[in-house]
Amino acid sequence: MGALLVDSSSTSVLLPELDRRYPMIVRGEGVWLEDSAGRRYLDAMSGGSMASTLGHGRRDLVEAARVQAERLAYVHNERLTNPRQEELARELVAVAPPGFGRVRFVTGGAEANEMAVKLARSYHVERGEPSRWQVISPAQAYHGPTLETLALTGRPGLQGPLGPYLPRHLHIPPSTQRIDPSGEAALEALDRALEEAGPENVAAFFCEAITAAALPAYTPPARFWEGLDERRREHGFLVLFDEVVTGMGRTGQWFAGNATPLVPDLIATAKGLGAGYAAIGAVLCADHIYEAVAAGSRKFTLGHTWDGAPLGCAVGLAVVNVLRSEGLVEHVRERGARLREELEDALRGIELVGEVRGHGYLLGIEYVDPRDGRSFLPPELRVAGRVDDVALERGLVILSTQPTRDGYAGDQSLFAPPFTTTDDELAEMVERFADSVRQVAAEVERELGAVPAGERR
Ligand SMILES: Cc1ncc(COP(=O)(O)O)c(C=O)c1O
């Protein structure tokens, strides 16, 4: 059965891309999505954005929401707290890195990141260092669409026309294999940024411990973390982790920050906390941040209407319960390592594929120009977009990106299935994905007149 695609110019909804046609998804069950024409898709992207970590249509999560909505759906946490918020905070503290004793709830990833920046700023002001406001962060990242989070990336391609509204933050290049395999160049760039800002004005270094869509499954080399920690101690800034994607099990740890050589000061998380059943995010706060405010003004910054609402927190609690009772964090850690090998095997021999990376169920595939096996592909070939289109035709939801014009990464795909995907479903996802990449590779090699595999000197 063919897909029924919605032309974005013919709907009242302001869909993101006017030249894209969108499948109308009406139902989800496990890792399967169904469109309005009855066509089924395997969801290798956990709902498209990596939020649906536990799959679709889970009765236990729906039931948790129903029970809570009947008892108490909403109260505002500026004057009223509620048991679900208290319980969920305790659960998160129990799985956070040591020394994280407090949690603040928000309703999404960008809000969590902004809240982390606000808490970092508050920490310094409370301690009598009001000059510290500047944030330094790796350029090749995505932290959300709000004005502050857009300023945290160094990608003009993402910021578009919003530049005039964005605070001027400083950026360093990623230490990828291609640009800086040792991490030393990134540390030198960090030193230059500290110098430019004046170290006494720097509030935070902000980064993803393991990158999501912007550079799938990339993490800096050990030397970078070590050097960052040395500079944190020397200059007194904080380290903030955007774990909007990586938090709540995605990389085979409760938080990626549980396994990094450096323990951050604040962790922002979101997507997997509500698992696609509630809009909820959180900032996990190391004790010294809380204590600075407790010893100072004793007031935290303003919150949003839905922060810590019982409904979202009840879903978050049910999600934690599922992750624990089904052993999903450990499962993702163990199964993820094999999944990466399976992807590598399936993609072996395709000249377009430069690298397969992965941590848990956050896997990334980097494409290269088949003519030299190294360079970024010409952007006009639209390789990322074509992989997604072909995959969709083959009944697979995948997400590829093409940040080439920002200078640090080229065409690449994310492969991030729900944690509950069965072995058979994973095998089917890998096969559909490899078939899609093979099809695009054949077309691209023809268009480029690439020298076929085996004939290259
Ligand atoms: C790493 C990362 N940070 C932040 C965000 C923003 O989260 P939200 O869309 O919930 O605001 C995203 C969203 O894709 C993300 O991938």
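Start at 1 and go down the list; that is how both ligands and their atoms are numbered.
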S.K.: Return the protein residues near ligand 1 (heavy atom under 4.0 Å from any of its atoms), ordered by chain and residue number.
M.R.: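 G108, G109, A110, N113, Y142, H143, G144, E208, D242, V244, V245, K271.
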S.K.: Set out, in order, the CA-CA distance, both residues' side-chain angles and the distance that settles ring-ring contact (aromatic ring centres under 6.0 Å, His included) for H331 and F419, then state yes or no.
M.R.: CA-CA 8 Å; H331 171 72; F419 308 164; 8.8 Å; no
S.K.: Does one side chain, of Q140 or T211, offer a donor that lies under 3.5 Å from an acceptor on the other?
M.R.: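 Checked: Q140/T211 side chains show no N/O donor-acceptor pair below 3.5 Å.
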S.K.: Is there a donor-acceptor contact under 3.5 Å linking the side chains of D242 and N113?
M.R.: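 On atom types as modelled, these side chains qualify, holding a pair under 3.5 Å.
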S.K.: Centres of the F241 and W225 rings: under 6.0 Å?
M.R.: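 Distance test on ring centres: under 6.0 Å, yes.
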S.K.: Is it true that the side chains of S46 and R250 contain a donor and an acceptor less than 3.5 Å apart?
M.R.: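 There is such a pair between these side chains.
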S.K.: For a quick check under 3.5 Å, do S400 and D388 share a side-chain donor-acceptor pair by atom type?
M.R.: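 Yes, side-chain donor-acceptor contact under 3.5 Å.
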